[in-house]
Number of protein chains: 2
Amino acid sequence: MTTRVLLVDDQPLLRTGFRMILSAEPDLAVVGEAGDGASAVELARRLKPDVVLMDIRMPGMDGIQATRALAGPGVEEPIKVLMLTTFGLDEYVVESLRAGASGFLLKDAPAEDLVEAIRIVAAGEALLAPSVTRRLLDRVASRLPRATDDTIPALAELTDREMEVLKLLARGLSNAEIAEKLVVSETTVKTHVSRVLAKLDIRDRVQAVILAYETGLV
Amino acid sequence: MTTRVLLVDDQPLLRTGFRMILSAEPDLAVVGEAGDGASAVELARRLKPDVVLMDIRMPGMDGIQATRALAGPGVEEPIKVLMLTTFGLDEYVVESLRAGASGFLLKDAPAEDLVEAIRIVAAGEALLAPSVTRRLLDRVASRLPRATDDTIPALAELTDREMEVLKLLARGLSNAEIAEKLVVSETTVKTHVSRVLAKLDIRDRVQAVILAYETGLV
DNA sequence: TGTCGCCTCCACTCTTTGGTCGAGCCGTCC
DNA sequence: GGACGGCTCGACCAAAGAGTGGAGGCGACA
């Protein structure tokens, strides 16, 4: 009785990585892949996998909508969904869980944690990444946040220029203002911003600002 | 930098078991033991351990009360507490988390999970047993609020509804998402946002987010 | 030398946002 | 009753933001 997994991420490279990790586990089998929410829903309904590994940020229908369609309230044959994203942004977490996700992992999790998480979710239990758990508990307990010196790996992936743009962005500057300050064209700034959003797995500059504050970048 | 652990359980045999498990880990050290809540609090305040391994059911002051004393809201130097119990009884879980616990494990957890949990909690993160997580998620689906406000004069000019919109906006929600959450049309949200921006004399929602963070609204 | 990553830029979409004017509904206060 | 403020909504418009698919220059590195 192998656990059948459906991979959903818009980056084929990432799917390949996951597939390789999972192929090393005799009890796990990747039965399909999807690059966007719509085809994920379609595939999941057809293949009926035990667990869907779902990215949040995707073109078209995003992971949360797809999760809602597969595991949300009112779904007759809910399929277990394990969310995967770069950050544990509060809004994403809450929305994902509300959408019916059975777990929430960060993409920088070690491989063994990932496979273990899949087994846990397949078994009908649930699991959150420690940093996500902490934030959730902070809400429940409404306790003051402790001074944590979190290092966010994905932030390190940003190039110098991208980081520079992010900092200016987080101060409330528009693309045009950033362009003026860096003495480049607005087009260039837009390119940087787009890449920053993609790398950080977030939707728009507003969430970038929030991230900058949450991670202590500002 | 070893992690200093305080064991709290009314059964000496169990404490011995834990001590043996932890002694196999070079980075963990048991610095004390207690058999009831009162002495646990006293010991913890004196020894200032990195993590307290706390049983729930104990004679006299129970583990939840002790946790509240050590990590609850209003405590100046909170000590991290990892709850340990035989069952994941719902009331216990919620009360424990509300009391400030950083984690919740079942006593039948394998040794490696336990030591890993201690490391996670020591690092300032949090962790719940999968079965506990499952139940918690089931109820989380229906709560949100917190945060108190008005110390900034301009913020006081905002109406209740505008403040509500501002808070959601500051969490990264789009107009459409805010509309959905408040069960109004997107047009209405846009009206509110416009008025908020005008009253606060700022240009766009990005600056609103910044203001929310700077003023401690978030 | 060739490849690669980073930075730069343009053109072209499409969506979102912000602003404006107008409108109706429902309370409270006078 | 009438005035007023708050909340709601629609239509329309201009601007900004975001995504895509290119492109060239440049330095690093094998």
Side-chain angles (χ1 to χ4, degrees), chain A residues 9-13 35-38 55-63 65 86 89 91 154-212, chain B residues 150 155-212:
Chain A
D9 199 306
D10 60 331
Q11 295 171 279
L13 209 68
D36 63 281
D55 186 30
I56 287 193
R57 195 168 172 279
M58 286 183 298
M61 179 190 266
D62 68 24
Q65 294 174 271
T86 309
L89 219 56
E91 190 52 34
L155 280 182
E157 286 177 17
L158 298 184
T159 67
D160 291 349
R161 204 56 160 171
E162 286 162 356
M163 183 62 79
E164 210 169 347
V165 169
L166 174 56
K167 284 178 181 169
L168 293 175
L169 188 159
R171 283 170 44 194
L173 303 195
S174 67
N175 288 337
E177 289 167 337
I178 296 174
E180 190 188 357
K181 184 145 295 192
L182 298 183
V183 201
V184 295
S185 81
E186 188 178 341
T187 306
T188 301
V189 175
K190 288 171 72 173
T191 304
H192 288 315
V193 171
S194 276
R195 294 188 63 81
V196 168
L197 297 183
K199 283 185 180 178
L200 300 187
D201 201 22
I202 51 181
R203 188 180 54 197
D204 52 39
R205 61 204 297 113
V206 173
Q207 299 192 338
V209 173
I210 294 173
L211 200 80
Chain B
D150 317 44
L155 284 181
E157 288 176 16
L158 299 183
T159 66
D160 292 348
R161 205 53 161 171
E162 286 161 358
M163 182 62 78
E164 210 168 348
V165 169
L166 173 57
K167 284 177 181 172
L168 292 176
L169 187 158
R171 282 171 43 195
L173 275 65
S174 68
N175 288 338
E177 288 168 337
I178 296 174
E180 190 188 357
K181 187 146 292 193
L182 298 183
V183 201
V184 296
S185 80
E186 189 177 339
T187 305
T188 303
V189 174
K190 288 173 69 174
T191 305
H192 288 315
V193 171
S194 277
R195 293 188 64 80
V196 168
L197 297 183
K199 283 185 179 177
L200 299 184
D201 199 24
I202 51 183
R203 187 182 53 197
D204 51 40
R205 62 204 296 112
V206 172
Q207 300 191 341
V209 173
I210 294 173
L211 197 131

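What's counted below: heavy atoms across the whole structure, side chains too, no hydrogens, waters or symmetry copies. Every chain is numbered from 1, with letters handed out A, B, ... down the list of sequences.
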Check: So, is A:Arg203 near the phosphate of D:dA18, with a side-chain N or O under 4.0 Å from OP1 or OP2?
Finding: no
Margin query: My understanding is that only one of B:Thr191, B:Thr159, B:Val193 makes a side-chain contact (heavy atoms from CB on, under 4.5 Å) with B:Val165; could you say which?
Written below: B:Val193
Check: Rounding to a whole Å, what distance do you find between A:Leu166:CG and D:dG17:C1'?
Finding: 16 Å
Margin query: Measuring from the side chain of A:Thr188 (C-beta onward, heavy atoms only), which nucleotide among D:dC9, C:dT8, C:dG19 has the closest atom?
Written below: C:dT8
Next item on the list: Answer yes or no: is there a side-chain heavy-atom contact under 4.5 Å between A:Asp160 and A:Glu164?
Entry: no
Margin query: Heavy atoms only, 4.0 Å cut-off, all strands: where does A:Ser174 land among base, sugar-phosphate and nothing?
Written below: sugar-phosphate
Margin query: Closest-nucleotide mapping onto DNA chain D: is B:Glu162 or B:Thr187 further toward the 5' terminus? I mean the 5' end.
Written below: B:Glu162
Margin query: Do B:Val209 and B:Leu169 make a side-chain contact, defined as non-hydrogen atoms from C-beta onward lying under 4.5 Å apart?
Written below: yes
Notebook entry, point to check: Given that A:Leu169 and A:Thr191 both sit by DNA chain D, which one's nearest nucleotide is further toward the 5' end?
Noted result: A:Leu169
Check: Can you tell me how far P of C:dT17 sits from CG of B:Leu168, to the nearest Å?
Finding: 13 Å
Margin query: Is it true that, when you exclude A:Glu186 itself, more than 12 heavy atoms of the residues, nucleotides or ligands shown sit nearer than 6.0 Å to its CD?
Written below: yes
Note to self: From C-beta outward on B:Leu197, which listed nucleotide comes closest to its side chain: C:dC6, C:dC12, C:dG18?
What the structure shows: C:dG18
Check: Atom CG of A:Asp62 to atom P of C:dT15: distance rounded to whole Å?
Finding: 16 Å
Check: A:Leu182 has an atom CG; how far is it from atom C1' of C:dC7, in whole Å?
Finding: 12 Å
Next item on the list: Using whole Å, report how far CG of B:Asp160 lies from P of D:dC7.
Entry: 7 Å
Next item on the list: Provide, to the nearest angstrom, the distance between the CE atom belonging to A:Met163 and the P atom belonging to C:dC6.
Entry: 13 Å
Checklist line | Minimum-distance nucleotide (side-chain atoms of B:His192 versus D:dC9, D:dC7, D:dG17) | finding: D:dC7
Margin query: Tell me the interatomic distance from A:Leu173, atom CG, to D:dA16, atom P, rounded to whole angstroms.
Written below: 14 Å
Check: Considering only side-chain heavy atoms of A:Arg57, which listed nucleotide, D:dA18, D:dG19, C:dG18, is closest?
Finding: D:dG19
Notebook entry, point to check: When the nearest nucleotide of DNA chain C is assigned to B:Asp204 and to A:Arg195 on a heavy-atom basis, which residue is associated with the more 5' position?
Noted result: A:Arg195
Margin query: Looking at B:Arg195, I want to see if its CZ is surrounded by more than 12 non-hydrogen atoms of other residues, nucleotides or ligands under 6.0 Å.
Written below: no
Item checked: B:Ser194 vs C:dG19: side-chain N/O to OP1/OP2 distance below 4.0 Å -> yes
Margin query: Can you tell me if B:Asn175 touches the phosphate of C:dT17, counting only side-chain N or O atoms and a distance under 4.0 Å to OP1 or OP2?
Written below: yes
Item checked: Rounded distance (Å) that lies between atom P of D:dG5 and atom NZ of B:Lys199 -> 11 Å
Note to self: Below the 4.0 Å mark, does D:dA18 have OP1 or OP2 next to a side-chain nitrogen or oxygen of A:Arg205?
What the structure shows: yes
Note to self: Just so I know, are the side chains of B:Leu182 and B:Arg161 near enough to count as touching, which here means a heavy-atom distance under 4.5 Å?
What the structure shows: yes
Next item on the list: Have a look at A:Ser185 and say if it touches a base, only the backbone sugar-phosphate, or nothing, with a 4.0 Å heavy-atom cut-off.
Entry: sugar-phosphate
Next item on the list: Compare the minimum distances between each of D:dC7, D:dG19, C:dG18 and the side chain of A:Lys190, then state the nucleotide with the smallest one.
Entry: D:dG19
